[in-house]
Amino acid sequence: MPYAILRFQKKKKGSIAACERHNERKKSIYKSNPDIDIEKADLNYHLIAPPRYTYLKEVNKKIDAAGCKVRSDSIRMVETVITASPEFLDSLPPEEQREYFERALSFMESKIGKDNIISAIVHMDERTPHMHLTFVPLTKDNRLSAKEILGNKTKLCEWQTEYYDCMSERWPEIERGKSAAETHRKHIPTWLYKLGDRLDRECEQIFAELGDINMLNAGKKRDDVVELLREVIPEMNRFRVEVNQLTESMNYYKDELRGRENAYRNNRNELYEVKQEIYEDRARIRTLEHQLNKQNNLLRKIPPEILQEINRKNEDRVR
């Protein structure tokens, strides 16, 4: 059976412009997402048009109008991805596909308030039609609080249930989707791939610096390596934590699937899709783990006294 799908992603100030460029198709090419067929971009349509200026300006305008105080790390916008299983959406005629997204929009308006929405655009130029709906997480008493609106794991499950109730009233064949809080499946963010690629390049640079050290330049080269490592090691630690969490969540998700396998036996297509998702995620995580191994190999080549010196300097900088 098809699933109703609703996902949220919190956005701080620095990530809003990139979100806008993707949603509003402001780039001429999309090498990072081969699913986008730019020649079909004319098929995309808005249910709520974006502001005349940028997302960020509109977000700040709404926050200022509400009289909210914000920090540099405040969640200023939430992006909602709304879709359904591909086979379900593909079976609907165009006017009924639009009705699906219009109904989902009405649901979101009732939950967060129409005035808080920045844009709602339906993408028809990718493999599965879906809507990107962005909004400012303002509470009814004009506080900026994504935490209160989206809530904890329990409230996110309630979001899924209410969304399912709304959509299944019109399309009874739809099943309730599961949130990441329920499946324990952890989304692999794009920034993590980019961080891994950047650390790869920086590790190669450090390897080259180590190879160039000789008796004549040992002092200067050593200082260069120390300075490079001072910047890279905190990022390596961050990368290691994220990759380990992904691996743990993927193992949990696989165990849960095995436990639910009997329930899927009557729906081989669904079982295949879930296993395929796990296979693809596992392949992505293997790439990240390979990058992590390269970083660990580099650290093993650094003399312990240098690592201690770097850690001490980084601790002093934090203080």
Side-chain angles (χ1 to χ4, degrees), residues 4-27 41 43-70 74-84 89 95-126 128-151 155-167 169-170 177 179-180 187:
I5 298 171
L6 176 73
R7 299 192 185 106
F8 298 108
Q9 188 172 17
K10 299 173 183 177
K11 301 288 183 182
K12 297 181 182 180
K13 180 180 178 180
S15 60
I16 292 177
C19 175
E20 179 180 6
R21 287 194 296 272
H22 173 82
N23 292 0
E24 304 301 334
R25 294 298 192 252
K26 291 189 172 183
K27 295 167 64 177
L43 300 177
N44 299 338
Y45 59 89
H46 285 93
L47 295 182
I48 293 183
R52 288 178 288 111
Y53 25 87
T54 65
Y55 277 17
L56 182 58
K57 284 186 178 180
E58 181 68 7
V59 166
N60 290 337
K61 179 182 175 183
K62 292 183 183 296
I63 291 173
D64 290 343
C68 297
K69 293 183 179 180
V70 294
S74 293
I75 301 299
R76 302 191 185 206
M77 190 180 82
V78 175
E79 180 179 27
T80 313
V81 178
I82 294 169
T83 185
L89 287 176
E95 62 274 13
E96 197 171 339
Q97 275 190 6
R98 187 181 181 104
E99 182 187 355
Y100 180 90
F101 295 114
E102 289 174 342
R103 189 177 185 88
L105 173 61
S106 296
F107 167 78
M108 291 298 299
E109 288 176 344
S110 70
K111 295 284 289 181
I112 62 172
K114 183 176 181 179
D115 290 341
N116 292 333
I117 297 176
I118 301 296
S119 172
I121 181 171
V122 178
H123 284 169
M124 302 295 293
D125 58 357
E126 297 184 53
T128 303
H130 57 276
M131 178 164 66
H132 291 272
L133 184 150
T134 51
F135 68 91
V136 182
L138 289 169
T139 63
K140 291 181 179 179
D141 57 350
N142 283 336
R143 287 180 295 108
L144 185 69
S145 180
K147 182 178 181 180
E148 182 170 323
I149 291 173
L150 300 183
K155 189 166 183 178
L156 284 171
C157 292
E158 291 173 359
W159 269 94
Q160 294 290 342
T161 299
E162 292 176 18
Y163 175 62
Y164 162 73
D165 289 342
C166 173
M167 305 309 285
E169 184 179 359
R170 169 64 177 84
S179 68
H187 173 65

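The analysis underlying the following values was restricted to heavy atoms, covering all of them including side chains, and did not include hydrogens, waters or symmetry mates.
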For Leu105 and Ala120, which heavy atoms make the closest approach, and how far apart are they? CD1-CB, 4.3 Å
Can you tell me how far the CD1 atom of Ile117 sits from the CD1 atom of Ile48, to the nearest 0.5 Å? 4.0 Å
Checking His130 side chain against Thr128 main chain: does a donor-acceptor pair fall under 3.5 Å? yes
Contact check, side chains of Leu133 and Ser119, non-hydrogen atoms, under 4.5 Å: no
Contact between Met108 and Ile82 at the side-chain level, heavy atoms closer than 4.5 Å - yes or no? yes
Looking at Pro129 and Thr83, what are the two nearest heavy atoms and their distance? O-OG1, 2.8 Å
So, are Lys111 and Glu162 salt-bridged, with charged N and O less than 4.0 Å apart? yes
Nearest heavy-atom pair of Ile149 and Pro137: which atoms, and what distance? CD1-C, 3.3 Å
Can you check whether Met167 reaches Phe107 side chain to side chain, under 4.5 Å on heavy atoms? no
Could you measure the distance from the CG atom of Leu150 to the NZ atom of Lys147? Nearest 0.5 Å is fine. 12.0 Å
For a 4.5 angstrom cut-off between non-hydrogen side-chain atoms, does Ile16 reach Arg76? yes
Without swapping roles, check the side chain of Lys62 against the backbone of Asp115 for a donor-acceptor pair under 3.5 Å. yes
Is the closest basic N to carboxylate O distance between Arg170 and Glu99 below 4.0 Å? yes
Does the pair Lys12/Glu79 count as a salt bridge with the N-to-O cut at 4.0 Å? no
Can a donor-acceptor pair be found, under 3.5 Å and without considering hydrogens, that links the side chain of Asn44 to the backbone of Asp125? yes
What pair of heavy atoms forms the shortest contact from Thr139 to Ser145, and how long is it? CG2-CB, 4.0 Å
If you round to the nearest 0.5 Å, how far is CD of Gln160 from CD1 of Ile5? 9.0 Å
Regarding Glu20 and Lys57, does a basic nitrogen lie under 4.0 Å from an acidic carboxylate oxygen? no
dist Cys19:SG -> Met77:CE (nearest 0.5 Å) comes out at 3.5 Å
Once rounded to the nearest 0.5 Å, what's the spacing between atom CG of Leu56 and atom CD1 of Ile63? 8.5 Å
For side chain to side chain donor-acceptor pair (under 3.5 Å), just list the numbers for Glu24 and His46, CA-CA rounded to whole Å, side-chain angles, deciding distance to a tenth of an Å, and then say yes or no. CA-CA 9 Å; Glu24 304 301 334; His46 285 93; 2.7 Å; yes
Expected output: side-chain Thr80 to main-chain Leu6 donor-acceptor under 3.5 Å: no
Sidechain-backbone polar pair: Arg103 side chain, Cys166 backbone, donor-acceptor under 3.5 Å: yes
What are the two closest non-hydrogen atoms of Leu138 and Cys68, and how far apart are they? CD2-SG, 3.6 Å
Keeping Asn116 on the side-chain end and Phe135 on the backbone end, is there a donor-acceptor pair under 3.5 Å? no
Is any side-chain heavy atom of Val81 less than 4.5 Å from a side-chain heavy atom of Phe8? no
Counting only heavy atoms not in Lys155, do more than 12 sit closer than 6.0 Å to its NZ atom? yes
Could you check whether any side-chain heavy atom of Met131 comes within less than 4.5 Å of a side-chain heavy atom of His123, counting everything from C-beta outward? no
Between Leu43 and Met124, the two heavy atoms sitting closest are O-CG, 3.4 Å
Heavy-atom side-chain proximity of Glu102 to Leu47 below 4.5 angstrom: yes
Distance in Å, Gln9 CD paired with Thr134 OG1, rounded so as to fall on 0.5 Å steps: 12.0 Å
Please check: side-chain N/O of Tyr55 versus main-chain N/O of Pro50, any donor-acceptor pairing under 3.5 Å? no
